Amino acid sequence: MRRRGWHTQELQGELILARRWPARFDLSVETRLPPVGRKARLAHQVRQDLWRALQSLRGFSPCVSVTEEAGATLLRAGGQLDGAAPRAQAEARLVAVLGDPRNRARWLRWAR
């Protein structure tokens with residue numbers, strides 16, 4: 001389903017949110033969160049924070065995957081990267097966004 005420029009698809013319990021379809025994770029990092037009630041709301045909040053952190057990276061288009069797994073939420077965040085970019089630096093920024101305790105608390109409140 002496409003909504004306001006974003007593709008959202010849920011297959012076999014995995015929700016994927018991406019600007020371009022098919023979704024591509026050229027860069028990605030993963031984290032575990034407690035279970036959430038609204039995967040789509042979580043994905044949109046994470047996507048916004050990814051964009052804020054990496055909008056200066058030319059050719060970057062964020063993608064987020066949310067899966068419920070063994071009593072937890074598995075979150076994969078990253079995206080499509082068209083062009084050359086400092087991969088290690090971009091992944092370090094992704095890790096910082098996903099690891100920030102304030103971000104995580106806000107995401108969980110929003111996705112109840």
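Just so you know, these numbers come straight off a predicted model, no measurement behind them. Side chains are part of it too, since the values below use all heavy atoms of this structure and drop only hydrogens, waters and symmetry mates.
- For Arg93, the side chain to side chain contact (heavy atoms under 4.5 Å, CB included) partners at least two apart in sequence or on another chain are Leu54, Ser56, Gln89.
- With rounding to the nearest 0.5 Å, the separation of CG in Leu11 from OG1 in Thr67 is 11.0 Å.
- One finds the CD atom of Gln9 at 11.0 Å from the OG atom of Ser65 (value rounded to the nearest 0.5 Å).
- A search for salt bridge (charged side-chain N to carboxylate O under 4.0 Å, His left out) contacts involving Arg52 returns Asp49, not counting sequence neighbours.
- Residues Arg24 and Cys63 come closest through the heavy atom pair O-SG, 3.5 Å.
- One finds no salt bridge joining Glu14 and Lys39 here, because no Lys/Arg side-chain nitrogen approaches an Asp/Glu carboxylate oxygen to under 4.0 Å.
- Residue pairs meeting the salt bridge (charged side-chain N to carboxylate O under 4.0 Å, His left out) criterion with at least one partner in residues 60-79, sequence neighbours excluded, are Arg32-Glu69.
- Contact detail for Ala90 and Leu57: the closest heavy-atom pair is CB-CD2, 3.8 Å.
- For Ala77, the side chain to side chain contact (heavy atoms under 4.5 Å, CB included) test picks out Val46, Leu50, Leu98, with sequence neighbours left out.
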Inset, instruction - Apply side-chain contact (heavy atoms from CB on, under 4.5 Å) to Glu30 and Leu75, showing your working. - result: CA-CA 6 Å; Glu30 293 184 355; Leu75 177 72; over 6 Å; no
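- Remark: Ala53 engages Val97 in a side chain to side chain contact (heavy atoms under 4.5 Å, CB included) (not counting sequence neighbours).
- For Arg112, there are no salt bridge (charged side-chain N to carboxylate O under 4.0 Å, His left out) partners two or more places apart in sequence or in a different chain.
- A continuous path of hydrophobic side-chain contacts links Val29 to Leu108 [ILVMFWY only; heavy atoms under 4.5 Å].
- The side-chain hydrogen bond (donor to acceptor under 3.5 Å, both in side chains) check on Ser61 picks up nothing, with sequence neighbours excluded.
- Contact check for Pro34 versus Thr73: no side-chain heavy atoms found under the 4.5 Å cut-off.
- For Glu91, the salt bridge (charged side-chain N to carboxylate O under 4.0 Å, His left out) partners two or more places apart in sequence, or in a different chain, are Arg87.
- Residue Trp107 holds its CH2 atom at 14.5 Å from NE2 of His44, rounded to the nearest 0.5 Å.
- For Ala111, the side chain to side chain contact (heavy atoms under 4.5 Å, CB included) test picks out Val36, Leu42, with sequence neighbours left out.
- For Arg41, there are no salt bridge (charged side-chain N to carboxylate O under 4.0 Å, His left out) partners, not counting sequence neighbours.
- Listed by chain and residue number, Gln55 satisfy the side-chain hydrogen bond (donor to acceptor under 3.5 Å, both in side chains) test with Trp51 (two or more places apart in sequence, or in another chain).
- By the criterion of side-chain heavy atoms lying less than 4.5 angstrom apart, applied directly or through intervening Ile, Leu, Val, Met, Phe, Trp or Tyr residues, Leu33 is not grouped with Trp110; the two fall into different hydrophobic clusters.
- Taking CD from Gln45 and CD from Gln48, the interatomic distance works out to 5.0 Å, rounded to the nearest 0.5 Å.
- Within the 4.5 Å cutoff, no side-chain heavy atoms of Leu15 are placed close to those of Val64.
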